[in-house]
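All figures in this text were calculated on a predicted structure; none of them were measured in a lab. Note that these values count all heavy atoms, side chains included, but never hydrogens, waters or copies made by symmetry.
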Amino acid sequence: MTLKNIFKDNFANNVFSGLVVSLIALPLGLGLALASGAPPVSGVIAAIVGGILVSILGGSHVTITGPGNGLVVAVLGAITVLGQGDMYQGYLFTLAAIIISGALITVLAFFNLGKLSNFFPGSAIQGMLAAIGIIILSKQFHIMVGNLDATGSPIELLLSIPKSIITCFNDSERHAAGIAGVSSLLIMVFYSRIRNRYFQLVPAPMWIVLISVGLAHFYENKAGMDHPISKEFLVSIPENVLSNFPTPDFSKVLNFDFLTAVFAITLIASIESLLSIKAVDKLDPRRRQSNVSKDLKALGLATVVSGFLGGLNVVTVIARSSVNVNNNATNRSSNFFHAVFLILFILLFREQLEYIPFPALAAILVYTGYKLASPTILERISDIGKEQVLIFLVTLVSTLLTSLIVGIAIGILTTILVHVVLTRSVKLFFQNFTKDNIESYNEEDGTMHITVKYFSSFVNFFRLKKVLDALPPNKRVVVDFLQCNFVDHTVMENLWDYEQVFDKNGGEFEVVGLDLHSAESSHPFALRRALKYVPFVKEPGSQTKRQQQISSFMEDKGWSFSIENDFHMFFLRDFNYFKTRQVDHLYNIGQDKKKIFKLFDIEYSEGAFILEEELHATMLYINTGKKIPAFTLDKGDLYERLQYLSEYREIKFKSFRDFAKRFTLRGDSTLKIRRFFTDNLVLFFESNNYYHIESNGKGGLLIMDRERHSGVGEIKGMVDFGVRLAALIDKEHPKKNGV
């Protein structure tokens, strides 16, 4: 779709959504800039520049861009360190760092910067974001209650909160500022509980702005009184805000602190944007996928322009993007219109905006910080697994005690150590790290089968991601972890995301091969280990998603289901397929009440010694109760014709040329087999999916699809095929006649 058509498409919806988003972006832009130690308008400039440039050059569809929560800590740290006590000079140095950061993101985007996001484990990122939330809250709480002078580390600031509250009560000059801050916090907290559609047309942050400006006008024009909040607590916006831009200072460009600031800003901006783009794609009602590299290039360029104009970094922001989607935006023109409305607000209402108190904006950020570090996040992580709680807490504490870069580095190292301890195998990770662990091929029905080997974690997930990203989301995909000994939380979470994307686009995405792995919890994102690495027995009732779905299917059919290993495999020994293969055990067994049908996963091997290969498959056994001649029925390709050349004679049906061409039928008793394969049976096989089918000559039929675990959809198809086949055999060969 051309840019012109993008702006034409659902014009009214996108204009309205842009307006609503701008009502949130205005106070948030002012607040995030203040929290970063920069002039208030710098946050709005970032939103304006991002909205215009990314909407024109970007590769996403319904995202909103502007200053981000995560960058508050990095930018504030840069301004403080580089300014050495002079905050404005620090701001000028930081503008230079922001510009270089934007240029770096643009360059890296040409080298697929999106890959970098895969090298950060999920729980460590959550820990870093929670630490950012605590840092924001610790500083902004003091401002919210009227204390603009609080300094110290995050821990010190948290401990001194009671002192600021007491000072607010005792200092009459801070009373009004404190009341404005606390009242604004209450608006943020209780806004969502007021279920009135007209009230919620205006977002909570904008209500704070409207009430602040409204009260100021009331005092001045109605009550004839001075504003109760002194000017030191009020926002200041220059008259020539959109023309007189500050000059970035590049004089410290080779300084270590400057380079550290560039690295920190680039790291956080990249992570925040990549996570947000990925999250917003899930919300897109049109089921589109963003061109991440193109979007990052646009974000980098917008950051460069924003820095030269005195603005902060431009990143993709999840909260404002969610509001955009909820207001029926259909394309990125809504991002453009949100920027246009921000320009109008600044030009038309600059004087009114100067009535907004710092404490009111701080309240918005206190609420934001709390949401980033909410106790419910720890609760959700504990549901995934105890080891994830350890990674989360170590990253959080180390970030609070050191810095963002050191904190995330410690989080990554902790994750690797946890993985090594859980598997008790250093060799698994370090010997296989450089190996390509992905094999993929198209099966006969068009299914893309992807085999993952050795281990799959955040350090090598990019290999699997590269293959998955190249597939159209309307395709059927099976990801097989049977040969993989370890799958971490980050991989499991990403696979869940792919499943949602494929489901939205009419595709099918299924994960198999994890039934022989232990899960650290019942959560779908839980880390998985091969049972040989688990020092305890798998808990009864602990089922994978596949097992749960099979169990539900069995229950619907009135069949029993058990995940326990079964070593009673004697009913298989007369089948030709197992004459040269050694069966180990059955598991995931479903059976009907009459014990005619038995569905199972099976572990077996072929070859011996160094040539031995472990195999797994899903099979359906049917006890027909009839005397059926021994035969094998397979696809009619050269491989199948040669495979059983020495076992059985091939039997042709001249009157069914299509059957003879598509299938290979073999057996010893030619006459009996011809009598068994009636016209209706031949037509049945011709009109259904291919399966490997065997008769053991004693009334047993064995049906198999492929030499791998079947997906749940494939299992349903196999069971349906088997039930209909058994019914047709009963009809064609009544029991009293025999065969």
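Across all their heavy atoms, L599 and M554 have their closest contact at CD2-CE, 4.0 Å. The two residues S123 and I381 come nearest to each other via the heavy atoms OG-CG2, 4.4 Å. G722 approaches I703 most closely through the heavy-atom pair CA-CD1, 4.0 Å. Residues D383 and H523 share a closest heavy-atom pair of O-CB, 3.4 Å. Of all non-hydrogen atoms in M718 and L620, the two that sit nearest each other are O-CD2, 3.7 Å. The shortest non-hydrogen separation linking V452 to C484 is O-CB, 3.2 Å.
R724 and N688 share a side-chain donor-acceptor pair at under 3.5 Å. Residues T618 and D601 have side chains that bring a donor and an acceptor to within less than 3.5 angstrom of each other. Residues N505 and K475 have side chains that never bring a donor and an acceptor to within less than 3.5 angstrom of each other. Side chains of E732 and N680: a donor-acceptor N/O pair is present below 3.5 angstrom, by distance only. Side-chain atoms of T544 and D515 include a donor-acceptor pair closer than 3.5 Å.
The backbone N or O of L665 lies less than 3.5 Å from no partner atom in the side chain of E650, so there is not a single donor-acceptor pair. Of the possible polar contacts, none joining the R706 side chain to the Y691 backbone as a donor-acceptor pair under 3.5 Å is found. Side-chain N or O atoms of E714 include one that pairs as donor or acceptor with a backbone N or O of G711 at under 3.5 Å. With hydrogens and angles disregarded, a donor-acceptor distance shorter than 3.5 Å links the side chain of S695 to the backbone of P629. Listed for the S518 side chain is no donor-acceptor partner under 3.5 Å among the backbone atoms of R529. Within the 3.5 Å criterion, the main-chain N or O of K294 finds a donor-acceptor partner in the side chain of N291. Between the side chain of N437 and the backbone N or O of F455 there is at least one donor-acceptor pair closer than 3.5 Å. One N or O on the side chain of D295 and one on the backbone of G59 form a donor-acceptor pair closer than 3.5 Å. Judged by distance alone, with hydrogens and angles left aside, the side-chain atoms of N331 form no donor-acceptor pair with the main-chain N or O of H61 at under 3.5 Å. Using modelled atom types, one side-chain atom of S687 and one backbone atom of F684 make a donor-acceptor pair closer than 3.5 Å.
Counting heavy atoms from C-beta on, the side chains of S457 and H419 come closer than 4.5 Å. In this structure the side chain of L681 reaches within 4.5 angstrom of the side chain of I729, judged on heavy atoms. Between V719 and K716, the closest side-chain pair of non-hydrogen atoms is not below 4.5 Å. Put simply, the side chain of D488 reaches to within 4.5 Å of the side chain of F458, judged on heavy atoms. Between L633 and F659, the closest side-chain pair of non-hydrogen atoms falls below 4.5 Å. Looking at K595 and N623, their side chains never come closer than 4.5 Å, going by heavy atoms from C-beta outward. Side-chain contact between L527 and L422 is present, with at least one heavy-atom pair separated by less than 4.5 Å. T447 places none of its side-chain heavy atoms less than 4.5 Å from the side chain of N442.
Rounding to the nearest 0.5 angstrom, the gap separating the CG atom in L471 from the OG atom in S440 is 7.5 Å. Distance CG/D584 to CD1/I602: 9.0 Å, rounded to 0.5 Å. A distance of 13.5 Å separates OG in S552 from CD in Q547, rounded to the nearest 0.5 Å. One distance of note links CG of L728 with OG1 of T678; it measures 6.0 Å at 0.5 Å rounding. The structure places CG of L495 at 7.0 Å from CG of L468, a figure rounded to the nearest 0.5 Å. Within the model, atoms CD of E499 and CG of N494 stand 13.0 Å from one another, a figure rounded to the nearest 0.5 Å.
Results of the salt bridge (Lys or Arg N to Asp or Glu O under 4.0 Å) test with R708 over E603, E439, E443, E510 single out E443 as the only residue that passes.
Taking the six-membered ring where tryptophan is involved, the planes of F502 and F509 are tilted, since the angle between them lies from 30° to 60°. Ring geometry for F663 against Y690 counts as tilted: the plane angle lies between 30° and 60°, on a 0 to 90° scale. Using cut-offs of 30° and 60° on the angle between ring planes, the pair F570 and H568 is perpendicular. Classified by interplanar angle (parallel below 30°, tilted 30° to 60°, perpendicular above 60°), the ring pair Y441/H449 is tilted. Relative ring orientation between F721 and F685 is described as tilted, the plane-to-plane angle lying within the 30° to 60° band. Using bins of under 30°, 30° to 60° and over 60° for the plane-to-plane angle, the ring pair F578/Y604 lands in the perpendicular bin.
For F553 and F561, the ring centers sit 6.0 Å or farther from each other. Taking the six-membered ring for Trp and the full ring otherwise, F433 and Y454 have centroids separated by 6.0 Å or more. Aromatic ring centres of Y587 and H709 lie closer together than 6.0 Å.
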Next item on the list: Take F481 and H517, measure what ring pair (Phe, Tyr, Trp, His ring centres under 6.0 Å) needs, and give me the verdict at the end.
Entry: CA-CA 9 Å; F481 285 96; H517 293 66; 7.6 Å; no
Margin query: Checking F600 against Y621 for the ring pair (Phe, Tyr, Trp, His ring centres under 6.0 Å) test, could you report, in this order, the C-alpha distance in whole Å, the side-chain angles of both residues, the deciding distance, and whether it holds?
Written below: CA-CA 8 Å; F600 53 89; Y621 172 77; 7.7 Å; no
Margin query: Working note: R666 + T664, criterion side chain to side chain contact (heavy atoms under 4.5 Å, CB included); need CA distance, chi angles, decisive distance, verdict.
Written below: CA-CA 7 Å; R666 287 191 177 82; T664 301; 2.9 Å; yes
Next item on the list: List the steps and the verdict of side chain to side chain contact (heavy atoms under 4.5 Å, CB included) for F461 and T490.
Entry: CA-CA 9 Å; F461 175 65; T490 304; 5.7 Å; no
Margin query: S290 vs D281, test: side chain to side chain donor-acceptor pair (under 3.5 Å). Steps then yes/no.
Written below: CA-CA 7 Å; S290 296; D281 277 350; 2.7 Å; yes
Next item on the list: Any chance you could lay out the side chain to side chain contact (heavy atoms under 4.5 Å, CB included) test for V511 and R546, step after step, and finish with the verdict?
Entry: CA-CA 8 Å; V511 176; R546 176 176 179 270; over 6 Å; no
Next item on the list: Please assess D730 against K626 for the test salt bridge (Lys or Arg N to Asp or Glu O under 4.0 Å), listing each intermediate value before the final yes or no.
Entry: CA-CA 9 Å; D730 276 342; K626 302 176 186 299; 3.2 Å; yes
Note to self: Evaluate L428 against N485 for side chain to side chain contact (heavy atoms under 4.5 Å, CB included), listing each step before the verdict.
What the structure shows: CA-CA 8 Å; L428 173 67; N485 293 316; 3.8 Å; yes
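Shown here is K386, whose NZ atom has no more than 12 heavy atoms of other residues, nucleotides or ligands within 6.0 Å. No more than 12 heavy atoms of other residues, nucleotides or ligands shown are found within 6.0 angstrom of CD on E555.
With respect to K557 and D592, no salt bridge is recorded, no charged nitrogen being found less than 4.0 Å from a carboxylate O.
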